[in-house]
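What follows is a single structure, written as structure tokens, with notes after it.
Quick note on labels: first sequence line is chain A, next is B, and so on, each numbered from 1. All values below come from the heavy atoms of this structure, side chains included, with hydrogens, waters and symmetry mates left out.
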Amino acid sequence: MGAYIIRRILTGLLTLLFISFVIFALLDLAPGDPTANLPQSIPQEVKARIREALGVNDPFLMRYMKWGQQFLIVEPINAIEKTTGIAIGDSEGRLRITSWTSRGKPVVDIIIERLPQTLYVVGMAYLLSVLIAVPLGIFAGYRQNSWFDQISSVIAVIGFSLPTFFTGVLVIQIFAVWLGWFPTLYNTTLRVTSMETLFQQLRQMIMPIMVLAFFQMAAISRFTRSSVIENMKADYVRTARSKGLRERLVVVRHVVRNSLIPVVTLVALGIPGIFGGAIVTEQIFNVNGIGQLLITSLQSNDIPVVQTVLMIFAVLVVIFNLIADILYGVLDPRIRYS
Amino acid sequence: MSVSAGAASPSLPINSPKTRKQRTLWGDAWVQFRRNRLAMFGLLLLLLIILAVLLGPYIYRVDPKSINIVEASSPPSSAHPFGTDDLGRDMLARCLYGGRISLAVGFVAMLIAMVVGTTIGLLAGYLPRLDNLLMRFTDMMLTLPQVPLLLVAMSLFRDPLRMRFGLEMGAFVMVVTIIGILGWMPTARMVRGSVLSLKRKEFVEAAVNVGARNGSIMTRHILPNVFGIITVAATLEVATAILTESTLSFLGVGFPPDVPTWGSLLYYGRNYMTQFPWMVLFPGLLISLTILAINFMGDGLRDALDPRQRQ
């Protein structure tokens with residue numbers, strides 16, 4: 001098991017290196033100028049010196065290394081400092097990745113401000129969809145071709161065929177405009193301080209969560225269903241039945257347990273993907289999370305913010321891939337030894 | 001196709017005096033496909049949409065770009081079945097015109113993804129020397145955060161390409177290439193898996209023994225046999241590509257709002273949603289129906305081409 005984990009971690013690091021290179025190179029090719037947003041009155045020579053100081057003219061590899069050092073060493077220390085309040089070394093002297101537009105505010109601080117909004121909405125939606133989809137998939141797979149199975153299959157196909165940007169728009173129109181149950185706009189300045197504000201927060205979260213969860217539920221329940229169907233045909237199920245085990249035990253102890261192994265990895269692998277999917281949802285409902293930050297920084301050509309957000313997505317992908325691999329190895333011994 | 005499944009030998013005239021009609025893999029698959037009601041529904045719906053989009057503009061002769069302020073934002077009526085937008089442009093004409101672009105993006109991006117995916121999968125599966133390298137590369141490509149990366153690539157390369165190919169063509173080239181380049185990995189994996197098992201079959205061994213070269217074994221003996229898998233992957237990839245295009249346009253980085261595609265119509269109409277819901281309802285409905293039809297069809301195809309599912 002140790003060797004397996006080490007091998008996985010090494011692959012993960014290599015992947016991270018590859019992704020960071022792709023992201024850096026892609027953004028480096030982009031036509032962008034850190035001084036573009038400065039006032040016109042600043043003379044050209046001063047702008048040239050600012051660019052020089054920001055290191056725009058350094059060779060490509062040099063800039064890549066500098067950025068890597070900042071991203072992997074300096075900023076994590078800052079993040080720890082900010083969350084725990086413990087000062088580590090010379091916290092003022094460290095060079096930070098700063099935004100080109102938000103008056104030179106450090107990028108990581110901006111992201112930390114935005115993160116909770118994304119996590120509430122996206123996290124809740126994912127949790128909800130897993131909790132509903134897995135039992136649904138198990139039941140549909142166990143009763144293959146029953147009317148329940150057929151209806152839930154059709155709904156699942158509809159679920160991942162309807163794009164979230166359409167269901168979102170539809171849901172707003174129906175529930176917010178016509179029925180008036182929920183607010184049309186997400187109030188981003190709302191602070192949860194009392195029962196009343198908590199209730200308000202929940203009320204405005206319902207629509208985005210509904211839209212996201214419906215989309216994700218479809219994929220998870222279909223996957224669970226096919227996994228259960230495959231296991232229902234397995235020899236060990238016939239053995240369990242023929243030794244006289246009650247049907248309940250056959251299903252709960254044998255079929256479900258084995259069918260959930262691939263589902264667990266799918267769920268782990270899907271976590272970074274939902275941040276990508278949340279970009280659209282955040283845009284529709286005006287949730288000021290990470291996804292919206294990415295879009296606004298792209299529009300204002302704020303390269304450092306874009307780079308950092310993309311890198312965070314990449315790190316998440318690699319970490320959850322690793323978790324999925326290790327979980328798979330723990331749950332299914334055949335994987336470890338192959 | 002070169003594969004014939006279960007053709008009865010003609011020397012056994014037990015209960016049929018006449019020779020039986022020859023059966024092929026694709027013939028069998030079609031019989032199977034026709035039994036699946038949802039899949040047939042998907043196929044017919046898709047054909048209907050394609051026909052409407054291709055022939056519609058010749059029958060419904062309204063210019064999608066002509067502005068008519070007098071009739072601005074009018075709800076669906078007999079003169080404008082889908083209503084008009086805030087500048088009085090006819091929504092039905094815009095949806096039909098936009099559908100051409102959306103469907104074209106889907107098909108071309110699918111072709112790119114299939115060519116790249118099949119080539120890499122075939123090479124990795126057949127040549128053990130390349131296998132590890134190509135598959136590690138595929139895995140790494142799979143871990144790239146797709147949607148964010150697409151967003152970035154689109155907004156960065158939009159202007160240079162627009163200068164080169166013009167407004168509409170530039171956006172088309174960029175959207176199609178980027179979706180294709182980020183969409184080939186699942187196909188490559190599936191093709192590789194299938195090639196690995198086909199490689200050990202007797203007919204490949206026979207081809208090796210008569211001295212066929214690697215290139216011709218791959219293209220003439222193995223490729224026709226992975227065609228079923230490629231067909232299913234291609235169908236689903238069209239749906240993914242259409243969805244991705246409309247997502248990008250919806251976020252404002254795909255096609256610009258003055259080039260109507262289903263996604264950009266939705267992006268444009270979003271601001272008017274509460275007053276004039278038909279501006280978002282119809283493009284959104286068309287995207288959803290198209291993707292739904294393709295997905296139903298893809299599911300049916302997968303079942304039809306999988307011999308284990310035959311009854």
inquiry  = If you count heavy-atom pairs within less than 4.5 Å of chain B, which of L16(A), V169(A), L162(A), T11(A) leads?
reply    =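 Of the options given, most contacts go to V169(A).
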request  = Pick whichever of F313(A), F160(A), F18(A), F166(A) has the most heavy-atom pairs under 4.5 Å with chain B.
outcome  =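 The residue among F313(A), F160(A), F18(A), F166(A) with the greatest pair count is F166(A).
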Do other residues, nucleotides or ligands put more than 12 heavy atoms under 6.0 Å from [X] [atom1]?
X	atom1	result
E230(A)	CD	no
F148(A)	CZ	yes
F41(B)	CZ	no

Measure the shortest side-chain to side-chain distance between [X] and [Y] over non-hydrogen atoms and say whether it is less than 4.5 angstrom.
X	Y	answer
W184(B)	E237(B)	no
I181(B)	V116(B)	no
I290(A)	V309(A)	yes
T281(A)	F215(A)	no

Heavy-atom cut-off 4.5 Å, strictly under: side chain, backbone, both or neither for [X] against chain B?
X	answer
V317(A)	side chain
L14(A)	both
I284(A)	both
L310(A)	both
V280(A)	both
I158(A)	both

Region of [X] in contact with chain A, defined by heavy-atom distances below 4.5 Å:
X	answer
T290(B)	neither
D299(B)	side chain
I294(B)	neither
L281(B)	both
L292(B)	both

key: Between L289(B), I287(B), T247(B), the one whose heavy-atom pairs under 4.5 Å with chain A are most numerous   =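 Between L289(B), I287(B), T247(B), the count favours T247(B).
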ask   = Run the side chain to side chain donor-acceptor pair (under 3.5 Å) check on T296(A) and Q292(A) step by step: do they pass?
value = CA-CA 6 Å; T296(A) 46; Q292(A) 210 186 40; over 6 Å; no
task = Given side chain to side chain donor-acceptor pair (under 3.5 Å), test T261(B) with E245(B) step by step and report yes or no.
result = CA-CA 9 Å; T261(B) 70; E245(B) 181 275 314; 3.1 Å; yes
